[in-house]
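Here the structure is a predicted model, which is why all the values come from computation and not from measurement.
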Amino acid sequence: MKKFTKIVLQVIIGISAILTLSAGKVMALTVQEGAEAARAEGMPAELIGENGNGVFQQFSNLALAIVGFLSVVMLIWGGLRYITSGGDSKKITDAKNTILYAIIGLIIAVLSFAIINFVLQALKSVTTPSETSFILTSLLG
């Protein structure tokens, strides 16, 4: 009986997933149309805009700024832990690890910023807004 219930549950979940995905395809707008529909006043109109005005650019810049800020905070926290360790080797090791991981996080944030801006510039220079919408729609479903 358990096996039968499990099979019925899997079939119901599978059918639900198929219906959800097919309904999404029927009602789906292009990525650009979806961005325009969700755009509030004063928000950028294009996904990949000029001079850092696109939605993707602003979102990635905000996310990377948050990661960079957290890395700096953790760097300061690790320094304070190092200062207040009182000569305890375990606390010193933990503080050094915090500082090391904060520096690694900061380096990753800077490199991510460079990579994301490079990719967005490449997309912007190669495609028009309708081509970008087509590329993103085909990638995202």
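- Remark: I15 CD1 to Q10 CD distance equals 12.0 Å, nearest 0.5 Å.
- Hydrophobic clustering places L70 together with L62 (ILVMFWY residues linked when any side-chain heavy atoms are closer than 4.5 Å, directly or through intermediates).
- Cluster annotation: L106 and F69 are assigned to distinct hydrophobic clusters (Ile/Leu/Val/Met/Phe/Trp/Tyr, side-chain heavy-atom contacts under 4.5 Å, transitive).
- Between A95 and G78, the closest heavy-atom pair is CB-O, 3.6 Å.
- Using a 4.5 Å heavy-atom threshold, the side chains of N61 and F113 count as touching.
- For the side-chain hydrogen bond (donor to acceptor under 3.5 Å, both in side chains) test, residues two or more places apart in sequence or in another chain that qualify with K90 are D94.
- Two different hydrophobic clusters hold W77 and I108 under the rule that ILVMFWY side chains link at heavy-atom gaps under 4.5 Å.
- A distance of 9.5 Å separates CZ in F59 from CG in L64, rounded to the nearest 0.5 Å.
- Taking the side chain as every heavy atom from C-beta outward, T5 and L9 never approach each other to under 4.5 Å.
- Atom OG1 of T98 is separated from atom CD1 of I103 by 11.0 Å, given to the nearest 0.5 angstrom.
- Expressed to the nearest 0.5 Å, how far CG of D88 lies from OG1 of T93 amounts to 8.5 Å.
- Linking Ile, Leu, Val, Met, Phe, Trp and Tyr whenever their side-chain heavy atoms come within less than 4.5 Å puts I12 and F4 in one cluster.
- The minimum heavy-atom distance linking S71 with G105 is given by the pair OG-C, 3.4 Å.
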Full working for side-chain contact (heavy atoms from CB on, under 4.5 Å) between M74 and Y101: CA-CA 8 Å; M74 290 306 295; Y101 296 146; over 6 Å; no

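- Linking ILVMFWY side-chain heavy atoms closer than 4.5 Å, directly or via other members, places I99 and I107 in a single hydrophobic cluster.
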